[in-house]
Amino acid sequence: PSLTEKEVDEILPEGQAKVVKLDNRCLLYSAGDAPAAFFDAEGRSELYPTLYTLWQYPHIMQELTIHPPVSKFVLNGADLMLPGVLVPANGVVGFGTVTKGQ
């Protein structure tokens, strides 16, 4: 999953991209007055899409299905851990090999 060059240009048109640095070192990338499209949590050039961008381009990240009882914890802010994920018969494509304790 990734964005094409055309999609990146739609999200952050050339000449309209702006970066906002927050007090916690997080960088927000947006175009004009649009909501932030990407963020860099620690200023290390590791861009992640915002929820706004994922709604517009849902194909850019893997989809995971979780066990129903796990959802209440995730919705309350808990980290998702592999035991809470329902793994499809063909495995989780794109994540490589995962071993216990990793």
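Computed from a predicted structure; not experimentally measured.
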* Structure fact -> When every non-hydrogen atom of Ser71 is compared with those of Pro68, the smallest separation belongs to OG-O, 2.8 Å

* To do: Apply side chain to side chain contact (heavy atoms under 4.5 Å, CB included) to Ile60 and Leu54, showing your working.
  => CA-CA 7 Å; Ile60 64 175; Leu54 288 174; 3.7 Å; yes

* To do: State whether the side chain of Gln56 and the backbone N or O of Thr53 hold a donor-acceptor pair below 3.5 Å, judged by distance alone.
  => no

* Asked: Rounded to the nearest 0.5 Å, how far does CZ of Arg25 lie from CG of Asp23?
  -> 12.0 Å

* Asked: Are the side chain of Thr50 and the backbone of Ala37 linked by a donor-acceptor contact shorter than 3.5 Å?
  -> yes

* Are Arg44 and Glu46 close enough for a salt bridge, meaning some N to O gap below 4.0 Å? -> no

* Asked: Quick one: are Lys72 and Leu75 in side-chain contact, heavy atoms under 4.5 Å?
  -> no

* Can you tell me how far the NZ atom of Lys6 sits from the CD1 atom of Ile11, to the nearest 0.5 Å? -> 12.0 Å

* Do Leu3 and Leu47 sit in the same hydrophobic cluster, where Ile, Leu, Val, Met, Phe, Trp and Tyr count as joined when their side-chain heavy atoms come under 4.5 Å apart? -> yes

* To do: Could you give me the CA-CA distance, side-chain angles and deciding distance for Leu80 and Leu64, then say whether side chain to side chain contact (heavy atoms under 4.5 Å, CB included) is met?
  => CA-CA 10 Å; Leu80 178 61; Leu64 298 173; 4.1 Å; yes

* **Exercise: identify the closest heavy-atom pair between Pro13 and Ala31** => CD-CB, 3.6 Å

* Asked: So how far is it from Glu5 CD to Asp9 CG, rounded to the nearest 0.5 Å?
  -> 6.0 Å

* Report yes or no: do Phe39 and Tyr29 belong to one cluster of Ile/Leu/Val/Met/Phe/Trp/Tyr joined by side chain heavy-atom distances under 4.5 Å? => no

* Structure fact -> Heavy-atom nearest pair, Leu27 first then Gly43, reads CD1-CA, 4.1 Å

* To do: Flag yes if Met81 and Met61 sit in one hydrophobic cluster, no otherwise; membership is Ile, Leu, Val, Met, Phe, Trp, Tyr, and two members link when side-chain heavy atoms are under 4.5 Å apart.
  => no

* Structure fact -> Between the CG atom in Asp40 and the SG atom in Cys26, the distance rounded to the nearest 0.5 Å is 7.0 Å

* Shared hydrophobic cluster, Leu28 / Phe38 (ILVMFWY, side-chain heavy atoms < 4.5 Å) -> no

* Asked: Can you tell me how far the NE2 atom of His59 sits from the OG atom of Ser2, to the nearest 0.5 Å?
  -> 7.0 Å

* So with a 6.0 Å cut-off around CG of Asn24, is the heavy-atom count from everything else above 12? -> yes

* **ILVMFWY network linking Leu22 to Tyr52, side-chain heavy atoms under 4.5 angstrom** => no

